Amino acid sequence: MPPVTAEDLKTELEMFCITCEDDSNLDKMVEQCVCNRMPADQWVLEWVAYSTTKNGLVLSVDSLDQFEHDVLNKRTASKQSLKREEPNRPRDIHTIHDIIKAEEEEDDLLDCYSTPAKGSQKRALTTPENPHSKRTSALLSSPSVLLSPSCFSPSSTPSQKYSQRGGKGEVVVSFGAVQGTHWAGRKSAGASIQPKVLEGPEHSLHCSYKYMFQRLRDVRNVLTEKIEELGEELRSHFSIEEFSPVSLPAQVVAMEGMNTTGDKLVVSKIYEGIPPPFFTSDVKEETDEAAEALNVLVACGPYTPSDSLNFDPLLDLIHVIARDRPDVCILLGPFVDSKHEQVEKSQVTETYDAIFSRCINSIVEGTKAVGCSLVFVPSQRDVHHHYIYPQPPFTLPSLSKNPRVTLVPDPCTLLIDNVTFGVTSTDILFHMGSEEISCGTGSDRFSRIVKHMLTQRSYYPLYPPAEELNMDYEKFQSFGLMPLTPDVLVIPSEMRYFVKDVLGCVCINPGRLTKGQVGGTYGRLMVKRTSASADKKRVSPCLAAQVVKV
């Protein structure tokens with residue numbers, strides 16, 4: 001364990017809005033961390049829990065002495081009692097972990113008093129199969145240990161239906177030239193691709209914002225401006241001379257017709273909407289033959305079955321990432337699902353933020369050997385995050401300097417290796433599908449809904465929004481619209497998974513990683529940028545996609 005410094009403790013305390021500038025208090029805290037072999041973050045968590053039970057105890061030398069007496073000394077005593085357990089008493093895996101950790105800490109302390117000539121005085125706790133160092137490090141840092149269900153809920157029984165699921169690894173949807181496709185990334189570890197939000201950093205939604213302060217006049221102005229903007233695009237494209245309003249629209253369309261009676265418009269012609277242009281780069285693109293395809297894995301939560309806070313589906317996904325080694329993984333929430341039964345009933349034993357942090361850290365650590373870039377997208381169903389649309393990205397100070405991790409808002413438009421990805425975790429397919437009252441015969445429902453999104457140039461072209469969605473229209477005007485037609489549009493939904501070409505955009509609904517108590521699906525794409533043809537169609541043999549059962 002690296003030495004604990006006063007700055008480490010001040011940083012951890014600031015996360016709980018606790019300031020400490022007294023050197024004597026900081027020295028006392030550092031002393032307690034060293035004597036009890038505790039990292040700064042663990043010490044702060046113990047202090048916050050203790051001070052909360054004491055009605056907000058203020059940091060002082062006296063209160064720290066009291067904290068050491070009431071908490072830290074008992075913590076040391078509990079470690080010693082573990083060693084005095086009967087040798088034949090059955091132990092679960094968590095007890096074994098505690099014993100191993102306590103013995104290692106004791107041996108580390110003994111090594112401090114040994115001379116270099118004598119070497120290490122540690123006892124070699126080895127087995128023929130596993131050396132000591134590898135065994136303990138694997139046990140204490142494994143994602144399966146970090147995500148053990150007993151850490152989060154008293155009801156820690158794994159989901160029986162999920163463990164007995166069938167069709168694991170079965171491909172349920174294929175798109176493009178998948179024959180002979182090698183689903184593996186092209187980059188080596190340490191040379192990961194860096195995704196970035198297409199809008200500049202000064203225009204991106206990068207932090208939380210105040211909401212529930214909207215005025216109806218401001219909402220009206222946003223909607224009116226959007227109608228006028230789309231109307232101008234239609235008027236210019238189709239060379240229409242003049243518009244005449246007939247009623248308040250719920251989807252923006254342009255029509256020709258006559259309203260002879262004053263209460264009925266007889267339509268003679270409908271003008272279809274115009275999608276925005278595709279992305280164009282100032283950098284000279286490679287030819288189709290020379291360009292190398294980009295491997296992207298896409299998955300959407302929940303990452304636990306509905307009957308257990310067991311993260312086995314997420315662990316299975318981590319194994320898939322380790323096997324296929326994609327260049328980029330786009331992981332959408334919910335990570336801690338507000339609709340989970342045990343969350344709704346408050347049957348968890350840790351804070352939602354703690355569960356979320358452990359989940360994200362497990363993903364980062366579990367994929368470190370792969371070296372892939374990780375993109376985390378929040379969801380309206382993330383119980384620990386802001387319930388507003390557009391939704392700001394997650395706040396994870398511990399991963400802010402990790403080059404492999406990119407935190408983005410919902411929705412967002414990403415540029416990854418010169419390929420544009422439109423991403424939203426909000427179930428717009430279900431929301432729009434529920435509001436449809438008429439459709440043309442023979443048309444594909446999903447393609448029709450996605451076409452609305454592209455021609456309305458919006459990640460959420462529905463007004464009024466679904467009752468469960470809290471819309472901030474001023475932010476939506478800046479961060480909820482499509483600046484361009486993406487090469488790939490990721491729109492996970494409760495509705496059936498699919499991969500389709502709509503107006504030259506490859507649209508994928510990867511489904512959800514879990515569906516109730518059983519396993520769900522995830523998506524994978526092999527894509528590279530191609531030159532647009534005259535009709536804007538971009539489907540080519542060099543693009544392939546699949547939806548696979550977890």
Side-chain angles (χ1 to χ4, degrees), residues 197-199 203-231 247-253 273 275-276 300-301 332-335 337-339 376-395 407-414 422-437 449-484 486 489-495 509:
V197 178
L198 194 61
E199 296 83 0
H203 302 298
S204 60
L205 186 63
H206 59 277
C207 61
S208 60
Y209 57 93
K210 294 182 179 180
Y211 44 88
M212 298 181 69
F213 293 94
Q214 296 183 93
R215 296 177 298 182
L216 293 179
R217 181 175 56 190
D218 296 331
V219 174
R220 181 200 64 188
N221 291 339
V222 170
L223 296 174
T224 301
E225 185 173 333
K226 184 59 181 175
I227 292 171
E228 292 175 350
E229 177 187 331
L230 290 176
S247 64
L248 294 177
Q251 293 290 349
V252 180
V253 296
C300 179
L332 303 96
F335 295 91
D337 189 7
S338 61
K339 294 185 178 182
F376 293 107
V377 186
S379 166
Q380 296 285 314
R381 287 167 54 178
D382 274 307
V383 69
H384 62 287
H385 200 48
H386 301 274
Y387 305 99
I388 190 67
Y389 189 88
Q391 197 172 22
F394 293 126
T395 303
L407 306 176
V408 299
D410 171 37
C412 66
T413 306
L414 296 172
V423 181
T424 180
S425 61
T426 302
D427 197 344
I428 179 61
L429 293 178
F430 182 78
H431 292 175
M432 289 190 68
S434 301
E435 296 295 330
E436 278 193 317
I437 58 175
I449 295 175
V450 173
K451 187 176 180 180
H452 284 313
M453 297 177 65
L454 297 175
T455 56
Q456 299 289 304
R457 307 185 177 198
S458 171
Y459 285 105
Y460 198 88
L462 182 62
Y463 180 82
E467 186 176 353
E468 63 189 60
L469 192 75
N470 303 310
M471 177 77 76
D472 187 299
Y473 279 95
E474 290 186 88
K475 292 295 183 181
F476 176 75
Q477 186 178 28
S478 301
F479 306 107
L481 305 181
M482 287 185 182
L484 46 75
L489 181 60
V490 180
I491 40 175
S493 173
E494 296 286 350
M495 302 177 81
N509 169 17

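Since we're looking at a predicted model, the values are computed, not measured.
When atom types are taken as modelled, the side chain of Ser338 and the backbone of Arg381 share a donor-acceptor pair closer than 3.5 angstrom. No donor-acceptor pair closer than 3.5 Å links the side chain of His385 to the backbone N or O of Pro334. A donor-acceptor pair under 3.5 Å is absent between the side-chain atoms of Asp410 and the main chain of Gln391, judged by distance alone. With Tyr460 contributing its side chain and Ile428 its backbone, the two residues share no donor-acceptor pair below 3.5 Å. Side chain of Glu474 to backbone of Val219: no donor-acceptor contact under 3.5 angstrom is found.
Considering Ile491, Leu489, Val377 in turn, Val377 is the only one that fulfils the side chain to side chain contact (heavy atoms under 4.5 Å, CB included) rule with Val423.
Nearest approach of Leu454 to Pro276, heavy atoms of both residues: O-CD, 3.2 Å. Contact record, Ser425 with Gly333: CB-O, 4.4 Å, taken as the closest heavy-atom pair. The two residues Leu230 and Gln456 make their nearest non-hydrogen contact at CD1-OE1, 3.7 Å. Smallest separation of non-hydrogen atoms from Arg457 and Pro275: NH2-O, 3.5 Å. Nearest heavy atom pair, residue Leu484 against residue Pro486, reads O-CD, 3.3 Å. Between Ile388 and Met471, the shortest heavy-atom distance links the atoms CD1-C, 4.3 Å.
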- [ ] I would like to know whether Val197 and Thr413 meet side-chain contact (heavy atoms from CB on, under 4.5 Å); could you show each step before the answer?
- [x] CA-CA 6 Å; Val197 178; Thr413 306; over 6 Å; no
Open item on the list: Is there a side-chain hydrogen bond (donor to acceptor under 3.5 Å, both in side chains) between Glu225 and Gln477? Walk through the geometry before answering.
Closed with: CA-CA 9 Å; Glu225 185 173 333; Gln477 186 178 28; 2.9 Å; yes
Open item on the list: Apply side-chain contact (heavy atoms from CB on, under 4.5 Å) to residues Thr424 and Tyr389 and explain how you reach the verdict.
Closed with: CA-CA 10 Å; Thr424 180; Tyr389 189 88; 3.9 Å; yes
- [ ] Verify side-chain hydrogen bond (donor to acceptor under 3.5 Å, both in side chains) between Thr426 and Tyr459, making sure each step is shown before the conclusion.
- [x] CA-CA 9 Å; Thr426 302; Tyr459 285 105; over 6 Å; no
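Rounding to the nearest 0.5 Å gives a distance of 13.0 Å between CZ of Arg217 and OG1 of Thr224. The NZ atom of Lys226 sits 7.5 Å away from atom CZ of Phe476, with the distance rounded to the nearest 0.5 Å. We find the CD-CG distance between Gln214 and Asn470 to be 9.5 Å, quoted to the nearest 0.5 Å.
A heavy-atom distance below 4.5 Å is not found between the side chains of Pro392 and Pro409. Within the 4.5 Å cutoff, the side chain of Pro411 has heavy atoms near those of the Pro390 side chain.
With sequence neighbours excluded, no residue satisfies side-chain hydrogen bond (donor to acceptor under 3.5 Å, both in side chains) with Tyr473. Scanning for side-chain contact (heavy atoms from CB on, under 4.5 Å) contacts around Ser434 gives Phe430, with sequence neighbours left out.
The aromatic ring centroids of His384 and Phe335 lie 6.0 Å or more from each other.
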